[in-house]
4 protein chains.
Amino acid sequence: MQPQQSDVAAAQPALPEKLTAAQARRVATRDSILAAARELIAEDGFAGAQVSLIAVRAGVGVGSIYKHFSSRAELFAEIYRDVAAREFAHVQAAVAQTDDGAGARIAAAVATFCARALRGGRFAYALLVEHSEPDVDEHRLAFREGYRTLFREVLDQGIDDGEIPDQDTDTAAAALLGIMTETLVRPLADLDEKTNSQALIRQVVNLCLATVQARGLNQTDVDGP
Amino acid sequence: MQPQQSDVAAAQPALPEKLTAAQARRVATRDSILAAARELIAEDGFAGAQVSLIAVRAGVGVGSIYKHFSSRAELFAEIYRDVAAREFAHVQAAVAQTDDGAGARIAAAVATFCARALRGGRFAYALLVEHSEPDVDEHRLAFREGYRTLFREVLDQGIDDGEIPDQDTDTAAAALLGIMTETLVRPLADLDEKTNSQALIRQVVNLCLATVQARGLNQTDVDGP
Amino acid sequence: MQPQQSDVAAAQPALPEKLTAAQARRVATRDSILAAARELIAEDGFAGAQVSLIAVRAGVGVGSIYKHFSSRAELFAEIYRDVAAREFAHVQAAVAQTDDGAGARIAAAVATFCARALRGGRFAYALLVEHSEPDVDEHRLAFREGYRTLFREVLDQGIDDGEIPDQDTDTAAAALLGIMTETLVRPLADLDEKTNSQALIRQVVNLCLATVQARGLNQTDVDGP
Amino acid sequence: MQPQQSDVAAAQPALPEKLTAAQARRVATRDSILAAARELIAEDGFAGAQVSLIAVRAGVGVGSIYKHFSSRAELFAEIYRDVAAREFAHVQAAVAQTDDGAGARIAAAVATFCARALRGGRFAYALLVEHSEPDVDEHRLAFREGYRTLFREVLDQGIDDGEIPDQDTDTAAAALLGIMTETLVRPLADLDEKTNSQALIRQVVNLCLATVQARGLNQTDVDGP
DNA sequence: AATGAATGAGTATTCATTCAT
DNA sequence: CATGAATGAATACTCATTCAT
């Protein structure tokens, strides 16, 4: 979830052969715009990522941004899509690499989410929790929904394997996302405070496992206020 | 967490003597401004709570708002403080009324938070998750931190009683807040969808109890990416 | 049709008593905005009447313009409505003052239109023929339609009186408007060229009378290309 | 006045020798640009005829347009010149084919103008009445002036023949153009409304004949306001 | 004290034109 | 020679805050 680096899911151009020089330049401009936007979001959140600032940072004219993206919202939408694809791929890869049972898979998923979010820092914070215009916020919600779906799948798999108790996995997935977001939100926002990431992640993983592995708690009766 | 009503913690400062008529009028004006702001937030979120709209709704001039509050952010800050005091009081009262053990106290705290948030609807949604200007957002974070502190106290009490396992209650409290927020966020935003609040609350309470009551999960080892 | 002067149809405030000082100031600001807009339209057409320029000319902030008019288009709409009301009133008054028969009434209507348009100069030109955004253009067309309706009424009256031959007065009114607009368009656009307005108006009146007073020409047969 | 077809006056300059292949290609490109611009004007008016859209429609790069035309305005200027030449030729041809007297010649001129304008539809509307940048509008006015000159010549001829009364033919020509434009402007703009073109043209011809054939109306006296 | 008219800095977007490849 | 990616000036509108009355 780092704005600066490209990794696992970073798009290799599907065409094996080289692009023309012009195409390469166009792609480079586009990438510099995306990179500039990611940097500014990482520094000041969406409020700081104004079109003219993005243009300056990318070293292009404002008009060029609109050659590549139909609107500011669409630019951010692309950032969300890119990040979502990459992050989801990472979590799925972490799950796939684990063959120690459902608990381990869930732990891997949670740990991967947290570790990557913590490395994403302010950028991850903005994408996960910052509001913006409705058009952009829509994508933030979709991004979160993506995680919800992803974690639900991992939970469903765990239930299928009979290793975690049957439960409403949609709500449970929301709970996991809530735990992760809320426990990480302060470290993500404050770059200064040096958190012991390893310890924090271990803690969050344990909380998440506890949440979904508990058995026999459904009898608790609650009377509304 | 309903904008319209004032209850438990909305206590008038217990000044023994009466206010002059002028003072009473001043307080009434101030209250009408706050009420108008709460209503507008409940209807359209922070974006809809513009100073001029608040003035119209309160039946005062815009200038008068600045006689009572130094800025729009300060007005919202007061709303946050009021709501925080009232809500925290409710959760604490619910806990105090429970003498069935730590689990029941935690369940009462969580259930009270959820039930009141659900009744607060769009207003609760705005206060809990909507961003606004940085100056206002600061208070939203403080509001959430307040809950975190509150739930930590309940957890600490439970640990003291030996009924729930020892753990980092600060992080656990954050986890509870995360679970509650994330599982409620959709129902809070969509007023149309008629949620079965009782069932939802029961589910959330169970998830929260599972999170903090689990024992012996701390051995899980995580290797960061 | 002069932007600077207020006459016959200029609104006397319907309320007989004085406005408060604040109301008077508000009205003065509003009027200065309208006056500034009319001046700029008269100087450079709609293209020159940009919101910021209007604000500078009126000696107000841009925001003030939006306190009085919901949009730039609405400001222009009001100008159109004001002018239409005043101009239509003048033409109708000229007709009413004439009791020498239908021909004289039509002559009075045409002469009044032309004389006032010529005095309006570049301003009249802009209102009558200049295109702008669709939202504004709509009002220009309505303005022209208003004249068309007005002249049709005068023609209908003439036919009722049996003094001018029966004909399609809607089309005839359009023809009159066309004659007037087209014969005046050059003098209206070129402020430099000193036209003999009296002679021009007499000519236009004659052409218009000829157009509507002719009898027995309907047998002309035309074969389309 | 149809954008798609080239006819009478679209004559290739009568160079006796063939062009080289390169020259032919260059002319073809130029023509395709002009054709694309005409199509777009016909579809959406000047506002829709953006340089990049013209390039796409013509199947060339935007840069190529500037190899053939120094600016967007110059491209439109050429369209105006082409259309003017063709249309003027048609009107003149219609007049030349008529030997039944001055009235018939004028009727032929008017009918030809109207019939062709109605067939030109939205394209004719744009060229005749739509404003654009000042640089382009200049050509619109010149186009209209051309018609004025043309109709003046027809009128002068009629006066020479002694068949229509002596009058200021310049102003009368403007009147004819005004009648035609104003009576046609609604049908030209609304493609939906199926107008009975034949009937409309007959009406317009009659109005025009009435305008210029009237005798003895010059005594009407007008007192300016 | 109360008012509300006035303020103006701040921002996303368009499109004719250019020029390096 | 043709291209089309890049350019950037230009412009309407918002809303928290102020201050003369």
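Side chains are part of it too, since the values below use all heavy atoms of this structure and drop only hydrogens, waters and symmetry mates. Chain letters run A, B, ... following the sequence lines, proteins first, then strands; residues in each count from 1.
Remark: the backbone N or O of B/Thr20 is paired with a side-chain donor or acceptor of B/Gln23 at under 3.5 angstrom. Of the possible polar contacts, one joining the A/Thr29 side chain to the A/Arg25 backbone as a donor-acceptor pair under 3.5 Å is found.
Atom CG in C/Leu40 sits roughly 12 Å away from atom P in F/dA12 (whole-Å rounding). Following rounding to the nearest Å, A/Glu133 (CD) and E/dT13 (P) show an atom-to-atom distance of 7 Å. At whole-Å resolution of the value, CG in B/Leu53 and C1' in E/dG4 are 14 Å apart. We find that CD1 of D/Ile33 is positioned 11 Å from C1' of F/dA2, with the value rounded to whole Å. Atom OH in C/Tyr66 sits roughly 4 Å away from atom P in F/dC13 (whole-Å rounding). What separates CD1 of D/Ile65 from C1' of E/dC15 is a distance of 13 Å, to the nearest Å. Taking atom CD1 of B/Ile54 as the reference point, atom P of E/dT3 lies 15 Å away to the nearest angstrom. The CG atom of C/Asp135 sits 13 Å away from the P atom of F/dA12 (whole-angstrom rounding).
Among the nucleotides E/dA12, F/dA5, E/dT3, the one closest to the side chain of A/Arg72 is E/dA12. Among the nucleotides E/dT13, F/dA2, F/dC15, the one closest to any side-chain atom of B/Gln50 is F/dC15. For C/Ser71, counting side-chain heavy atoms from C-beta on, the closest listed nucleotide (F/dC13, F/dT3, E/dT7) is F/dC13. Residue D/Val62 places its side chain closer to F/dA5 than to any other of F/dA16, F/dA5, E/dA9.
Residue contacts shown for A/Val60 are limited to sugar-phosphate atoms, with no base heavy atom under 4.0 Å away. Across all strands, B/Thr29 comes closer than 4.0 Å to no nucleic acid atom at all (heavy-atom distances).
The partner of E/dA9 is F/dT14, judged by Watson-Crick or G-U wobble contacts that both fall below 3.5 Å. E/dA20 is paired with F/dT3 under the Watson-Crick or G-U wobble criterion, all donor-acceptor distances under 3.5 Å. Shown here, E/dA1 forms no base pair; nothing in the strands shown gives a Watson-Crick or G-U wobble contact with both key distances under 3.5 Å.
Mapping C/Gly63 and D/Gly63 onto DNA chain E by nearest heavy atom places C/Gly63 at the nucleotide closer to the 5' end. Annotation: of the two residues near DNA chain F, B/Ala73 and A/Arg30, the 5′-most nearest-nucleotide partner is A/Arg30. Projected onto DNA chain E by closest heavy-atom contact, A/Lys67 and A/Val51 fall at different nucleotides, the more 5' of which corresponds to A/Val51. Both B/Ala49 and D/Gly61 sit near DNA chain F, but only D/Gly61 has its closest nucleotide nearer the 5' end.
One finds a side-chain N or O of A/His68 lying less than 4.0 angstrom from the OP1 or OP2 phosphate oxygen of F/dA6. Within the structure, a side-chain polar atom (N or O) of A/Arg26 is placed less than 4.0 Å from OP1 or OP2 of F/dA5. Contact annotation: B/Ser52 does not reach the phosphate of F/dC15 (side-chain N/O to OP1 or OP2, under 4.0 Å).
Here the rule is side-chain contact (heavy atoms from CB on, under 4.5 Å) with B/Val51, and of B/Val56, B/Ile65, B/Ile33 only B/Ile65 fits it.
Ring pair A/Phe46/A/Phe76 is perpendicular by interplanar angle, where above 60° counts as perpendicular and below 30° as parallel.
Salt-bridge check for A/Arg38 with A/Glu78: failed, with every basic side-chain N at 4.0 Å or more from each acidic carboxylate O. Salt bridge C/Glu39/C/Arg122: absent, no basic N to carboxylate O contact under 4.0 Å.
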